[in-house]
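To start, the structure itself, in structure tokens.
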Protein chains: 2
Amino acid sequence: MTDARRTDTRAQIREVALELFAERGYDGTSLREIAERLGISKAAVYYHYKTKEEIVGALFDDFLAGVDEIVEWAHEKGPGPETRAEVLRRYQDLLTGPSAAQVARLMQEGQSSLRDVAAAKDMKTRFFAMGRAVTAPDASAAEQLRMRLAVIALHLGAFMDQESLPVSDEERRTAALEVALELART
Amino acid sequence: MTDARRTDTRAQIREVALELFAERGYDGTSLREIAERLGISKAAVYYHYKTKEEIVGALFDDFLAGVDEIVEWAHEKGPGPETRAEVLRRYQDLLTGPSAAQVARLMQEGQSSLRDVAAAKDMKTRFFAMGRAVTAPDASAAEQLRMRLAVIALHLGAFMDQESLPVSDEERRTAALEVALELART
DNA sequence: GTCTATAGCTTGATAGAC
DNA sequence: GTCTATCAAGCTATAGAC
């Protein structure tokens with residue numbers, strides 16, 4: 001196959017953009033930086049994506065579809081502790097995907113800089129839906145908060161850095177799931 | 001007292017800046033917006049604060065001092081579940097201060113946009129210190145993660161919006177402390 | 001202490017050649 | 001598909017009048 005080296009620019013743009021967005025934030029990353037790191041010009045980037053927002057939108061899309069699957073499953077199963085536990089396990093699987101951890105990082109700390117990015121609003125909606133699907137309609141504030149924290153626990157397990165929690169990636173993920181499941185028990 | 005209306009510009013700048021930073025992020029807020037909302041010029045803002053970073057630094061200072069007090073107390077007491085619980089109670093008290101919740105919001109989602117703001121690094125250091133002070137040196141990853149999540153729980157209790165958790169402010173704070181203390185128990 | 005004016009730079013995005 | 005050149009708009013920050 002002559003196209004072993006076939007990594008088209010479009011994909012490379014997404015790759016580099018995600019890396020920079022996760023690291024320096026959406027606002028903190030310019031198209032110039034993305035282009036520079038790829039050794040192409042800004043205009044070349046604009047050939048592949050009409051706007052900066054379209055890039056981040058593309059980044060969210062796969063992840064969004066994954067969350068949707070989980071929410072759908074949860075809806076069929078109905079609320080309860082077992083549903084919560086299984087949702088969290090599946091969500092951690094989703095986070096284990098190649099670039100999902102970086103997407104999670106971008107989401108987690110980007111509520112302000114992504115405030116007028118349409119895809120980010122969609123994401124927020126999905127997480128609401130996930131919360132509602134796994135807790136009873138009359139759930140207490142503490143119950144709802146626990147589920148939300150469980151999700152954050154998994155996020156931290158996925159992207160927290162060595163400095164903040166000096167253990168192996170594997171160990172960190174395991175601990176995150178453990179704590180998340182504790183939170184989902186009640 | 002003729003100076004009942006004495007709220008000097010410097011303080012007003014801090015007030016408005018915090019409001020906007022918390023709402024739209026640090027990068028997402030320009031000095032023009034701050035000046036405009038105060039009915040003064042950008043140059044007037046620069047008279048009071050040399051740089052934008054100095055403003056956010058001033059915002060962090062009071063809060064930082066509050067955290068320092070807590071860390072110092074925790075250090076004297078030594079690690080353990082009771083220390084963790086009391087630290088969290090004191091931290092929530094700190095968060096109940098007039099503008100502390102907004103500072104917390106700014107910190108929470110600003111790791112990327114504040115990446116080269118010196119005061120933010122100081123803050124991160126303090127939170128590390130707090131974690132180390134309340135958990136044993138050989139604490140498991142899960143234990144460390146629980147303490148970190150407990151702090152986040154209090155943050156969410158302080159600034160989460162009505163839409164995300166539709167209960168009263170009082171109820172939300174109470175629930176947050178409840179969950180935080182659960183996390184600190186083990 | 002606040003203003004106007006402006007320097008100097010970066011940004012997101014476009015036009016048009018190759 | 002990528003380039004150079006350019007745009008208008010926005011930014012932080014400064015100079016100097018009042």
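Below, chains carry the letters A, B, ... as their sequence lines are ordered, and counting in each starts from 1. Everything quoted here is computed from the prediction, not taken from an experiment.
- For the pair B/Tyr49 and B/Ile13, the minimum side-chain heavy-atom distance is below 4.5 Å.
- Listed by chain and residue number, A/Arg37 satisfy the salt bridge (charged side-chain N to carboxylate O under 4.0 Å, His left out) test with A/Glu19 (two or more places apart in sequence, or in another chain).
- Between A/Ser41 and D/dT2 there is no side-chain polar atom (N or O) within less than 4.0 angstrom of OP1 or OP2.
- When hydrophobic side chains of Ile, Leu, Val, Met, Phe, Trp and Tyr are connected at separations under 4.5 Å, A/Tyr47 ends up as a singleton with no cluster partners.
- Clustering of Ile, Leu, Val, Met, Phe, Trp and Tyr by side-chain heavy atoms under 4.5 Å joins B/Phe128 with none of the others.
- Within the structure, salt bridge (Lys or Arg N to Asp or Glu O under 4.0 Å) contacts touching residues 41-59 of chain A (residues at least two apart or in different chains) do not occur.
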Cut-off 3.5 Å, no hydrogens considered: what does the side-chain donor-acceptor table look like for residues 132-139 of chain B, sequence neighbours left out?
residue	atom	partner	partner atom	Å
B/Thr135	OG1	B/Gly131	O	2.8

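- For A/Glu171, the salt bridge (charged side-chain N to carboxylate O under 4.0 Å, His left out) criterion is met by no residue, not counting sequence neighbours.
- B/Arg89 meets the side chain to side chain donor-acceptor pair (under 3.5 Å) test with B/Glu86; sequence neighbours excluded.
- B/Asp27 places its CG atom 12 Å from the P atom of C/dT11, with the value rounded to the nearest Å.
- One can place CD of B/Gln12 at 13 Å from C1' of C/dG1, the figure rounded to the nearest angstrom.
- The salt bridge (charged side-chain N to carboxylate O under 4.0 Å, His left out) search around B/Asp68 returns B/Arg126, not counting sequence neighbours.
- The 5' end of DNA chain C is approached more closely, in terms of each residue's nearest nucleotide, by A/Ser30 than by the other of A/Lys50 and A/Ser30.
- Within a heavy-atom distance below 4.0 Å of DNA chain C, the residues of residues 31-38 of chain A found are A/Leu31, A/Arg32.
- Distances shorter than 4.0 Å separate some side-chain N or O of B/Tyr47 from OP1 or OP2 on C/dG1.
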Output a table of nitrogen or oxygen pairs between the protein and nucleotides 16-18 of chain D separated by less than 3.5 Å.
none

Show me the donor-acceptor pairs, under 3.5 Å and distance only, between side chains in residues 177-186 of chain A and residues at least two apart or in other chains.
residue	atom	partner	partner atom	Å
A/Glu178	OE2	B/Arg146	NH2	3.4
A/Glu182	OE1	B/Arg146	NE	2.9
A/Glu182	OE2	B/Arg146	NH2	2.7

Dot-bracket for DNA chain C: what is it, with Watson-Crick or G-U pairs under 3.5 Å, [ ] where a pair crosses earlier ones, and | for a pair to another strand? ||||||||||||||||||

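- Between A/Phe127 and A/His155, the angle of the ring planes goes over 60°, which puts this pair in the perpendicular group of the 30/60° scheme.
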